[in-house]
Structures are given as C-alpha cells and as structure tokens.
Engineer: 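The structure under discussion is supplied below as structure tokens; questions concerning it will follow.
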Amino acid sequence: MNAIVALCHFCELHGPRTLFCTEEGGIQMSSGICTHSPAEGASTESSSPGPKKSDMCEGCRSLAVGHPGYLSHDKETSIKYVSHQHPSHPQLFSIVRQACVRSLSCEVCPGREGPIFFGDEQHGFVFSHTFFIKDSLARGFQRWYSIITIMMDRIYLINSWPFLLGKIRGIIDELQGKALKVFEAEQFGCPQRAQRMNTAFTPFLHQRNGNAARSLTSLTSDDNLWACLHTSFAWLLKACGSRLTEKLLEGAPTEDTLVQMEKLADLEEESESWDNSEAEEEKASVLPEGAEGRELTKCPTGSSSLSDCESWQPRKLSVFQSLRHMRQVLGASSFRMLAWHVLMGNQVIWKSRDTDLVLSAFEVLRTMLPVGCVRVIPYSSQYEEAYRCNFLGLSPHVQIPTHVLSSEFAVVVEVHTAAPSSLPPAGCEDDQSLSKYEFVVTSGSAVAADRVGPTILNKMEAALTNQNLSVDVVDQCLICLKEEWMNKVKVLFKFTKVDSRPKEDTQKLLSILGASEEDNVKLLKFWMTGLSKTYKSHLMSTVRSPPATEPRN
Amino acid sequence: MAPTLLQKLFNKKGSGGGGSSAAASAPGRAPKEGPAFSWSCSEFDLNEIRLIVYQDCERRGRQVLFDSKAVHNIEEVATQKTEDVPIKTSAKCCQGGSSSTSSSISSYSSSGGASQYAKEQLPKYQYTRPASDVNMLGEMMFGSVAMSYKGSTLKIHYIRSPPQLMISKVFSARMGSFCGSTNNLQDSFEYINQDPNLGKLNTNQNNLGPCRTGSNLAHSTPVDMPSRGQNEDRDSGIARSASLSSLLITPFPSPSSSTSSSSSYQRRWLRSQTTSLENGIIPRRSTDETFSLAEETCSSNPAIVRRKKIAISIIFSLCEKEEAQRDFQDFFFSHFPLFESHMNRLKSAIEKAMISCRKIAESSLRVQFYVSRLMEALGEFRGTIWNLYSVPRIAEPVWLTMMSSTLEKTQLCQRFLKEFTLLIEQVNKNQFFAALLTAVLTYHLAWVPTVMPVDHPPIKAFSEKRTSQSVNTLAKTHPYNPLWAQLGDLYGAIGSPVRLTRTVVVGKQKDLVQRILYVLTYFLRCSELQENHLTWNGNHGEGDQLLNGSNITTALEKGEVEESEYVVVTVRSEPALLPPILPATLTAEGRSPGPEGLAGTPEDKDIRDLCTQPDTEGNKSSVACSLDYQDPALGSSWKPQDVFCGEEESEKEAPGDGCSRFSSWKGLGAGLKASEEFKREMTKKLPHRSAAWPCPDRPPREKPPLEKVTFQIGSSVSPESDLESRAQKMEERLTACRQHPELAGCPLVEPRVAADAAQGQQVSRCSFLPGFRQSVCCPQNPPSEGDEGDFDRTYAEDRGFSTEAAADAAGQLNPPADSSAPDASAAGTGQRTLENTRGLHSKAGEGPLIEPVSGKCAQQDSGTSVATDVPCGDADGTADFRTEGDIPRNESSDSALGDSDDEACASATLDLGHSSDQAEGSLEVELPLPRSQSISNPNVRNFGRSLLAGYCPTYMPDLVLHGTSSDERLRQCLMADLVHTVHHPVLDEPIAEAVCIIADTDKWSVQVATSQRKVMDSTKLGQDVLVSSQVSSLLQSILQLYKLHLPADFCIMHLEDRLQELYLKSKMLSEYLRGHTRVHVKELGVVLGIESNDLPLLTAVASTHSPYVAQILL
C-alpha cells in the first residue's frame, strides 16, 4: 500500500532515532542506486546519511551492524517487504527520519501514549502511535518509543486509522507485556528503586555506565524481536493494503467477440485432434482481420502462419481494400445488390481465377456481417451448397447448378479478365490490377432499385458514400450498426425461440425494434444464426421464465 | 404502488419532513436495520463540534484567536430577533460567494459592508475566556517544536478523556504588504478580556516560546529537519501545478493494458503512482497551503510568512458510549475527504472574517463582527457535518445491491424495472424523465466502464457482469485507495476534463421523488467495496518453526531441540505481534546471514572458524549443512564435488578471497556455506547436471593463481590495487560480455559476473556463469532479446554493487573491530553477493533440482535466498524465473503461504526473482510471511452507501444523489457550493468543473448548473438539458419490451446492451473527431442516427476513453 512502517525510539542519549523500518520492496527511486546504504552502518559510515556510529548506542540500534535486514515475499502479489534499521534510499531515509523526529519530539499527544496523525504534502503523512517500554535501568523506569506508518496518500492513511490503531496497539501491547515481564524479573532480582534511593546523589551514574542504552531486544528479552517485528510490520502493510478491495464490473463482450472466441476454442480442439480441410476452412473463417478493428486474442501458433500469409498477401496484391473501395470498383448499384445479398445471408459466389482477388473480396464483405454469420469457402474447385457457406469462391470453369443461378437466394460475381495472364505481377498497383477486371454481378432476382432494403444497408451505404468519413470511422460505424442490430436479434431470439411467443406479439415486437419491414425481418432471422452459443445457451437455461409467473399489470 | 415497497426502499428516517431538528430527534435506527446505513447518529450532538483558531507568532508566542467554547450567545438574554439574523446573513453570504471568483465561498463583500454590518447589529455573542484546556490544545496543534515547513500541515489527535477527536490544520500566515493592523484582533481580544464583566483574561499566558520543549527533549540533540533541497521553497503553487500538469499527461510509463475498462484502470493506476513512495514526493495540491491575512494576493513578505502560523482546529466531542463513538469515528475516518473539504471552507470563511474585521476601527464592534462571522461559519460547518452524518440513505441502491447480492436478483430486477417503466410512462411530461436520464448518463460517467465490451472469455451469466480482473490485480500489486476510487466513480469524475457531478431531485411529492432516486441508483454506478480481514493462521506446517515472539502469556524457553534454541510454541489467539517463521537454518546456522541481528551469538564464531581453518571447513560446513538441510549426509559429499567446476570455484574462491577482499572470509561463512551447499546439492542431486557445469570457456590461465592462494584470514595480503586491477579486468570482460549477444541474452549471468569480477575471481566465475547459464538457465527461461535493456540497467546497478563489495572487503582488510562476528556479516553482504553469484547461479538453476531433496525447503528458503538474492539480484533473468515459477504458485498459495515444502522449494528459485530489485548489495534475510486467510464481508461504510441519499429535509452539498422538497436553499447555496467544490476538490486531484443536475418534479424541468457558467436568468438554476434521442428511444424500447412481458432480467440485459450501443457510438464519434474539428451532425445522423441532442452525451462518454475529444470540442 505504498507505506513504510517504522519503530522509533527516543534515546536518552541521542534523541529520536529510527530503530527499525519496514518498507515495501522495490521502492527504488528513479535516481538510481545509492551505493551507500545507510543501513549498512559502520563500514560505509563516512558518506552515509545515517547516524554516525559514534552516535549510536545499544538503544539506538536494532539490527546489528552489518545485518543485512529482513525480507519477505508476498507471493501472491509479488510485493516484497524489506526491513532495515533505516530505509536504504536517501530520500526515504529523510522522510522516515523526519517522521520519527516529529513523532517523538515535535508532535504532542495527550498523555504521551496514543495515536496521532500528522503530515504535509512535502514530507508525507504519518500515523504515529507513541508508547512506553518498561526499563528498570532507565530514567523514570521507562523508555519512549513510537510506531509510525508513513504514506503519501493522506486519505488512504486516514481511512486506515481505525485499522492501524487496532493492529499497532496490539503490537505495542505485546511489546509492553514482554518488557513488563523483564522489568518485573529485574526488579525482583535487584530493585532499582531502592538502589536509586540509596544513590540518589549520583543520578547520572546510570546514564554514564552504559546501561542507559539498552536495546529493545534486551528490554523484551526476545532475541527474535526484530524478525518478529519484521513479520508483524510486513503483515501490517499487507493487511492494510488489502483491507479494502473493490468489485468493479465491466461490460459483457460483444457478440462478435464471443463468437470469435468460440470459434477459436473449437479450432484449438480440432487442430489438436486432426488437421483436415474442414479445419482449414474453419480457420479461414475465423481469422481476424484488421478491417474489423477488433483486437483478437492471438491465434494459437498453429494457425498463425496461415493468418500471416492471408493477411499479408491481400495487402500486397490486394485488390479490395475496403468496402468503400469495392463500392467504387463495382459501381453503386452492383454493390448495393451484392451487399443486399450479403446481409440477407444469401450465397455469394465469386468466380475468378485470381484467388487473391476473391479472398480480398470476402475479407471486405464479411465485415458487413456478424462474425457468427460468416461461413467462407475461399476457393473451391466445385460448387458447395449454400448451407455450407455463404461466401464461395470458385474458379471460372466450375459449373454452378442452374437452380442456384436462377435462385433469388444467390448472387454471382463473375470476374472477367481483360488480360489473359495468370496472375497480376506482384508489384502492380492496385488500381491497375483492378482495372484489368470486369465485374458482372448477377442474381436470380435482381433487387429492385426502388426497394427500400434493410435499414442497415442504407446506413452502410450512407457511410460508404460520405467521403468525409475516414476508413476508421466507417469501421466503427459498421461495428455500431452490427451491434445495434445484434441487440435486436437477441430480443427477437429471446422472444421467438426461447419464449415461443405468438405471431401477433412478434409483430409488435418487430415494430418496437424498428424492424417490421420484410427485409429487416429477413435480416434479423439470418443474423440470428450468428448468435453465439454462449448467449443462446444462457438464454435457454437461465433467463427462461414463463410470462405467466410474472405479476404484471 | 404499495407503500410498503417504498418503505423497504427507503430509510424510515427519511420520513422526517421537518428541519434538522426533526431528524435529530428521530430515534436512531438499529444498526442492522438496513445495510446501507449502519452508523447511528442519534448520539451526535451538534454543539459538540468546537472550533479553535490559534496563532503562533515568533514574537508574541501563541494566542487563541477564537474558541467557540468561549462564545456565549447572549441573544437568549436579549430577546431580540434571535433566529433570523443568522439566517439572513448566511443567505447573504451565499449570494456574495456566487459573485466571487476567488477561492472562498463565503466571501463577504467589502470591508465597508462589514463595518456597516457591525454597526447595525447588536452584539449577539459574548466572548469569554477560552476554556482551560486550550493551552494543551494549542500545544497539540502546533507541536512542541516549531516546524520550518511553510505549507499547511494536517493533524488528527485523539483525546481519550473526555473522548474527543481533533482535526487541525496549521497554515503559514500570508500577510499583505500592510502589516500594521495585523494585531488588531489580538488587541481586540485583550480588550474583551479586560472587560471587567469577564474578569481577568489570560490570553497572554499562552505566550509560550515556540521552542519550548517538552520534558522529552531533555537529552535531545537539536531537532534537525532534513530539508528536501529543491522542494524547499514552495510557497508558490506554480511549481506544483506544473508538476501536476505534467503528471496528468503521462508522467509514468503506463502499464500496457488492453483491457476495456481501461479508463477505470488507468485512473486507479495513476492514483497508485501519484501516491507512491517510490516516486518520491509528488506534491499534488496547490490550494490551501497558506492562510491569507491579506485581502488580495499582494506581495507577501517572506520574512513574515516564516514567522506566523495560524492553526484551525475542529474538535468533535465523542459520545461516551463506545458504540456510538465507534460509529462516528468510522464515519469520520472513512469520509475524511468530505470533512476536510468543509474544513477548508470554514478556513476560507475565517480568513475573510479576519481580513474584514481588521478594517473596523472600534474594537468591540470588530470583535463582535469577527465572532459572529466565525460562529456563523461554524454553524454552517456543524450543520453540514451533522446532515452528512444523519441524512437518510437509500437502503438498497439498485446497482450496488445487484452487484453484491445474487440471491434475490430476479426480484430485484423486477422491482427496479417496475419502478423504471412506471417513471418512463408516467413521469415523462416534457420528456422529464428522459432529460433526467440524459443528464445523469452524461455526467455521472461511471456507467461507461461497466458497459465497455471486454475481450475476455465468456462469462457465466450474462446478467451478471464480470468483475474486472485487471483492476483486481492492480489493487494487489499497486495498491490504491479503493474508497477514493469509489468516490470518483460516484461523482462521475472519470471523464476528461474531470467533472464532479451531483444530482438533486426536487419535489413536493416525496413518494415520487423517492422513486426517481431509487431508479437513478441503477445508473449512478460505482464499485462495490469489500472489507477483508486478513488473519494469519497459527498452524504452520510441521517443518516451520514458529518462534513465539508474540504471546505474552507464553514464555520463550530455551531448549535443546536440534535445529533451534527454542521450543516451538503454538499460538492460540492471534497476537498482533507476529511470530516470525524462522527457518531452522537461521537459528542453527547462526548468524550467517541474518539472525546475528538477534544479538550477536557465539555461533558467529563457528562460522569464522569454518572459514579460517580450511581443513576443518569441510567438516564444519557439513555440520552447518546438516543443520541447514537437516541432511547430514550432504556434508560428506562435499569433497568429491569439488571436481565440478562450480564447486571448484567456490572452493577456490574461498581461498582466493582470503587474500584479497576475501580476507574477510571469516564473515563470509554464511554465504559460503550457502553456496557450497548448493553446489553440493546440485552435484548430488543432479549428477547429470554436472556435465553442464564444467565451464568450457573458462580461461585456464586464471586458474592457477587462485589455486595458489592460501586461505588466510584477516591477512591483508591483497592490496587494493590488486582489487582494482581485477575490477578492471572484470570490466573489460564485462564489456566483452555485453558485446556477446549470447551473453547479453543472459542477464542473469553478467551482473553477477560483474560483481564477482570485482572481487577478483571474475575470470573463472565469468566463464563459469555463462556455461552454467546456458546449461541450466536457458532451458527454463529462453533468454529474450528484451532482456538486453534490462541487462544494461542491471549492469549499472551491479557496478555500484561491486564497488560496494570492494569497499567492504577493503574495510575488512584492516581488521578493526569489524572483524567481530556481526561485522562479518556486513562484509558478508558484499561477499555473500559474490558467493551467491557464484553459488547462486547454480542455485538459480537449482531450485528445481533441490526440490526433491529437501524436506525442509522452507529453511533453505531463507538461507538460500540470502545467498540467492544478491546474485540474481538485479538480473532480469531472475524475474523471468519468478514469473515462471510464480504464477502457478500464486494460485495455490493464497491461503497457504509457505505451506508446503515443495512450495518453499519453489520459492528458492522464486526468491531469486524477488530479491532482484534490490539495488543495494545487501541480502536480506528472508522470512516467509505467515500464510493468510482473508475473511471478506461487504463494507458498508463506503461512499456508495452513504452518498446516495433519500429524501432530505433540505438541500445538501456533498451528496451524490438526494431529494428534497424545495429548491429554496438550493438557490441560496448552489453556486457557492459548486465553486467550493472546484477549489477544494474532495477527490484530492484537480477538477475542472463542478456540476449539479437539478431535476424538479414540480416544474418538470431538468437543469444543469455548473461552476463554469453563470446563469443569467435568475429564475433558473442552470441550463435546461437537451433530451438525447438515443436515451429516449432506449427508454421507449425498454418500456415496450416490458409491456410485452419480457422477463425483467432480460429487459435489463437489453438495457445494458443499449447502453453499450451508446458506448460504441461514442467510440465512433471519437474516431470521427480525430479528423474533424467540427461535428457535422447531419453526417452522423444519416449514418447512425446520432442527432445534435445526442452530442453532449456522446462526447462526454467519449471523453472517458478518448481524452482528446474534449480538447477538440472545448
């Protein structure tokens, strides 16, 4: 919690002293390393900010000179807690020193034992608890100590007051208890009071004879005191830092994200078991494409090579860079027809000998659909049924069944090449390469020009038409539109598939959703197939509650 | 609608319609009655809030400038218009404040007005002698020693009897250029005090010298306040605000987080950084640093500034009843930012009063004016605090309740939706409700992170959103203050620029207002807080030794147990003083690395002996080993291992050291042992490893000298020049190493090499290390290119390190008193590092190796870690280790730290990583933290529960949400409150704007008042809100769905989906704004149906994820 806990002592000979100090590890000021750690004491004393050795007596010292200090790891958080007599960094050293001095000789606590909070923006904020420790040899039979907690976040520190007070008070009680025992034992053996009475005229003897400075270890007769304090302070820091935790909710993933994750999961399973063409198709359809502007979790290593080449190739030779680009190439009306079929889930067949062209076309077109609605067979040597794919690439020689050609549920884009060369040269400019082609879009039923079409199509067209909107904006647009309509799909799904509500109600619902027109309804129905399994199963299982049970009206 | 429902929803306490007195007399509710409001306030007496103003002047000593206890209201005697005067003036003050742009709220107009006022009014207050405790209190406020710090100081004291809580702020006084009249006030008080009616006054008795010291200073050395150099002169806020602005940009490398809740995450992370000790001190606030006695900011005389301090203290008398006392304390400490904010406000009022009253010539009038102003301000303070404490809270804020309770979620959804749709349907006159919701969504932005889509794997239940893992992790690794974060959420202060928003619903129909409030608690979102009580578990594994240093009733006993001097004592209750889990190695091994701290012990000698006498070393070490590992057999295997290069080195090292820095070998013992042990273990355990050990590249020539070295202790054979030359060589090597890509790839090795090299054995070690590393480390931890940078850093660190080590060695060459056992360890640090480097490399690899062997890994843990830590010290390789090893570990270790042996073993490797950060060469003794158990329960004393209030008797300034019956007081105070909010932000960070949404159900209007714009139309409180068509369509579709009997929880899911759409649209808008400086609404409208009335909402939402949006639009 970004705090330092320290034990301070008011030494009768040397004034306020920091005895022992536990900080969160990794506190490493940007200034770099300080080679002279004050904690190292004697050997490097010359330049150390710490007290000179001559200024230290037993009472001012915790760890023996040269003791490396203590260290504890909180494995869970990888925070480590280190204890030394002084913090190792000079800046922290001075902060702690300042706090120590203030705690023991500046701030006034009523009764001298008790909690105080003080601080300012410059020196940090301090929670201090002062207390006495019994010492049969000390003046007044007691010595003065404090335990301080230093933070820069005063609000946090003040918030923690009740907690810190309780814990630190507990530590103090135990220290005092130990010391009291020692004290009593010593008094029993050699009653100081009586002795002092007798030597009343040489009161300073006690200070001079070295006993005046007894270490806390001997006052408590606990050789492990410092280890013990280290553990306690580290614990205190940990407990205080984790005393309050937040539960912060975040939004649900979008449908596209869900579906993609599901597909990835499937893919992983499949690729683990076998590797057949089926899986490859899946892969192809799952691959993330930049056009969607969505960050996917990285593909597992198995598919990465594929994705690399796919995303890389179209970029280099690519023909269609974006929907807008495609729209320009195909012309508005052809594009509209094509888009209409795409959105409705009709089969879109591209015939070309240029696989890259076809691939890029599919990459671009699929951005119009929710991920779950996209089934691609990028390039095949034979016709595939519509239930297997809604995007199908074919070589020019493949025969398409006539019922498909005449169907209103399919659209065929034939790419004729002006130049007979097999592949466009690699370095060729896109537009040049495109200009080589003619595109013929045909369908069993041509979309009437005046037909309103699904709302989303009109909006997409508007976005594509408006040159003021950058490609990124259009991408965001598509995401918005898709999510908007997927939300409608969810409601419809819930309504019709889960609750099986009557038709009239459904009609009502559709008008509420603003999707009562025929094309919109069709679109919703198709898009429903793209709902994630996760969502569907969730609705099926948990939210199902018969309307009857709901007391309404 | 059943009234019972409302009763459930709202606190009964809210029913008191009258003034605060009515609420005061309301019986305190049992704490358990509602989860939302657990402090009982009935015990709190308004008049028990006392104000003291003190002055500490070098020349004149301390003087009480005000003590509310000394003020007697003499209006009661003089039966004049008792009540309305203060009310009038308070109204006046508020109006005055609204016209002022200064930082003060209750800015009184001019001095002329003031004196006029003073003349008009009959004296209402009598100021008598301050209470007897005031001297003591002054002492507490200022401290017994003057501080040189010129900013403001905050203090909190707890006074036991009678129980009181005192919060004080000490400011440096800033006087104007005219200082002549500064003493007027004191003179006035003297005048008062000389008043025969009041008897002899004793203000001057307080004239203690500022340096009067308590008895505790008897022997004190002069109080030296370490000054902080460049920061010293900080009276001007400029430097600070500069640092602040830089801080707002990107002062720290931001953690690469792709999480969607990034704005919440970022905000919290930034908070953690700005309050971190690691980053040194980043002063954050620029206001309130001084106490202004000058009318304006006229050039202040620094000399005077230095000398005069003003302290303001608020004392809360606490109830004697323990429970009530605790209630208030809990409230106080958890809501401290609010207290502080009001205290600042009080301070401003006092400043004004002091400045104004100085201009009144006649001292009785002056005092009268001053006292009444202060009493007035205090009255406001008291009222505000009391209200804050006692106001009725909404018992079940929808969002928080949904988040925390899973039990009755369905009912909760139904209840909420019922209320919600009711409001949509019936309260939407003038689009009232849509406007209100638009405003709330626009300003209380904390809902945005809760709908941002995540890319995490699916969640169990859709209606239950998932908690943000990234924020959870952040809280653990970079602790920040969750209370603070929650407060920011509630106020919606997460956008950019930061706005702080409150919402007030005004209306005579209490029932309706309460309903609105209830529904809004779904949209006013914040995080839920949990309180965790960590307990450590006294039952440690058998292997662990629990030294009871804690339990008073149980005495420590010395015992003859093998590994320990102490008998294990189990702890029954949980003492506050945690018994350290001392590894047996430590106690037995003695003093080697750590425990010597526990008062030097005879065992140190053993170590020394070990080192000094090579012959015996084997034996001794074996003994030590047996202690350490409890596997005496190991010792015997010691010799043969020498064959391996690793071993050899260590062996050689020891002797070699003997002559050079290693003359200090005596101290080395510990490290040596450790490394040796490792080697032993290594070889033993992993014979196959040994193949890897031999270091192919070790230059043979370096070897011989080493071998020749005799093992002499304390001999200062090696001159420093030797050291230097070695160091040089080492450096050369190092540079060479760095140029070697492979080496660079292995950061682990090199730093160590550096350190080692400095010591002299560099050659062999160097060569050894790479070899080792390749064999051992690499497999585990494929060196990544990324390490290079780290390497550089570590390298640098190690440089420092090695020099230190050298220094140590040098120190030991001339054996002073240092040669005594404890010192050895000091030297030992350096040496240890060396050794460790050596041994440790092996260790790094060893971790896994060791595992099978030692039952007592825990002990090794400490011992080894000591050794390990250093070498790995800074190397990132270690970090890698850690991550590898750590992660699985974390999962299991939550409740069982240091639990199982293998875990401990794992930590042997882990430790490498952990210690890695230590730049300084010291190797701390590792003590495991006791394993912890966390008991969590919902924390009720948080802002989410306290700032969402119900129907209050009057308008209140702090509450995030509340209702009230009339806007009268609102009109009086709102502007001043907003200005105050901006100047004294409770969030401890600067805010750009304070906003209040006022929904009036009587007039069906929703207005937004802001601190930035003044409303010209006096009938209005703020600007009317545009109804976003997005919001209103959202409302309509929810209503329709509900009417179609879609289940409530599905409707809520849909609601969340729709909110997510808003978010996505804001994303689009922000993308759009990247390229445009103006929004062409039509373009957006055609495409997405965004209309101009949606823009304020969407831009506000966008500002949470794309700060540039605001900059473009502003």
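Below, read A as the first sequence line, B as the second, and so on, with proteins coming before strands; counting in each chain starts at 1.
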Engineer: For B/Glu531, give me all partners under side chain to side chain contact (heavy atoms under 4.5 Å, CB included), at least two apart in sequence or on another chain.
Structural biologist: A/Arg243, A/Leu244, B/His533, B/Asn937, B/Asn939
Engineer: What verdict does the side chain to side chain contact (heavy atoms under 4.5 Å, CB included) test give for A/Trp161 and B/Phe336, after you've listed the backbone C-alpha separation in whole Å, the side-chain angles of each residue and the deciding distance to 0.1 Å?
Structural biologist: CA-CA 11 Å; A/Trp161 171 300; B/Phe336 176 76; over 6 Å; no
Engineer: Using every non-hydrogen atom in the two residues, find where A/Glu107 and B/Met140 come nearest and quote the distance to one decimal.
Structural biologist: OE1-O, 4.1 Å
Engineer: Where do B/Lys1067 and A/Gln476 come nearest, in terms of heavy atoms and distance?
Structural biologist: CB-OE1, 3.5 Å
Engineer: Starting at CG of A/Leu481, measure out to CD of B/Glu1061 and round the result to the nearest 0.5 Å.
Structural biologist: 9.5 Å
Engineer: Specify which of B/Ser1037, B/Pro482, B/Ala485 makes the most heavy-atom pairs with chain A at under 4.5 Å.
Structural biologist: B/Pro482
Engineer: Do B/Asn532 and A/Ser242 have a side chain donor and acceptor closer than 3.5 Å?
Structural biologist: no
Engineer: Heavy atoms, side chains only, cut-off 4.5 Å: are A/Thr254 and B/Gln1060 in contact?
Structural biologist: yes
Engineer: What's the spacing between B/Leu1046 CG and A/Phe495 CZ if we round to 0.5 Å?
Structural biologist: 5.5 Å
Engineer: Ignoring hydrogens and angles, tell me if any N or O in the side chain of B/His157 forms a donor-acceptor pair with the backbone of A/Val108 under 3.5 Å.
Structural biologist: yes
Engineer: Please classify the contact of B/Glu528 with chain A as side chain, backbone, both or neither, using a heavy-atom distance under 4.5 Å.
Structural biologist: both
Engineer: Supply the atom-to-atom distance B/Phe333 CZ to A/Leu165 CG, rounded to the nearest 0.5 angstrom.
Structural biologist: 8.0 Å
Engineer: Using a cut-off of under 4.5 Å on heavy-atom pairs, state which of A/Pro110, A/Ala462, A/Cys109 scores highest against chain B.
Structural biologist: A/Pro110
Engineer: For A/Tyr156 versus B/Asn481, what's the shortest heavy-atom pair and its separation?
Structural biologist: CA-ND2, 3.2 Å
Engineer: Taking it one step at a time, do A/Lys508 and B/Gln1040 satisfy side chain to side chain contact (heavy atoms under 4.5 Å, CB included)?
Structural biologist: CA-CA 9 Å; A/Lys508 242 192 244 169; B/Gln1040 298 305 323; over 6 Å; no
Engineer: Restricting to non-hydrogen atoms, name the atom on B/Pro337 and the atom on A/Ile155 that form the minimum distance, rounded to 0.1 Å.
Structural biologist: CG-CG2, 3.6 Å
Engineer: Can you list the steps and then say if A/Val491 with B/Asp1057 is a side chain to side chain contact (heavy atoms under 4.5 Å, CB included)?
Structural biologist: CA-CA 10 Å; A/Val491 178; B/Asp1057 283 342; over 6 Å; no
Engineer: Just verifying a value: how many Å separate B/Lys155 NZ and A/Ile116 CD1, rounded to the nearest 0.5 Å?
Structural biologist: 8.0 Å
Engineer: Could you go through A/Lys494 and B/Met1053, starting from their C-alpha distance and side-chain angles, then the distance that decides it, and tell me whether this counts as side chain to side chain contact (heavy atoms under 4.5 Å, CB included)?
Structural biologist: CA-CA 11 Å; A/Lys494 164 72 179 163; B/Met1053 280 168 64; over 6 Å; no
Engineer: Given the options A/Gly119, A/Ser83, A/Ser218, A/Pro115, which has more heavy-atom pairs under 4.5 Å with chain B than any of the others?
Structural biologist: A/Gly119
Engineer: To the nearest 0.5 Å, what is the distance between NZ on B/Lys1065 and SG on A/Cys480?
Structural biologist: 6.5 Å
Engineer: Taking only residues two or more places apart in sequence or in another chain, which ones pass salt bridge (Lys or Arg N to Asp or Glu O under 4.0 Å) with A/Asp472?
Structural biologist: none
Engineer: Okay, side chain of B/Arg1074, backbone of A/Ser470: is any donor-acceptor separation there less than 3.5 Å?
Structural biologist: no
Engineer: Using non-hydrogen atoms only, which part of B/Met136 is less than 4.5 Å away from chain A: side chain, backbone, both, or neither?
Structural biologist: side chain
Engineer: Looking only at heavy atoms, which two atoms of A/Pro162 and B/Asp330 are closest? And how far apart?
Structural biologist: CG-OD1, 4.0 Å
Engineer: Mind listing the closest non-hydrogen atom pair of B/Leu927 and A/His230 along with its distance?
Structural biologist: CD1-CD2, 3.5 Å
Engineer: Indicate yes or no: at least one non-hydrogen side-chain atom of B/Glu926 is less than 4.5 angstrom from one of A/His73.
Structural biologist: yes
Engineer: Given the options A/Leu509, A/Thr245, A/Leu513, which has more heavy-atom pairs under 4.5 Å with chain B than any of the others?
Structural biologist: A/Thr245
Engineer: Say you draw a straight line from CD of B/Glu1071 to CG of A/Asp475; how long is it, rounded to the nearest 0.5 Å?
Structural biologist: 8.5 Å
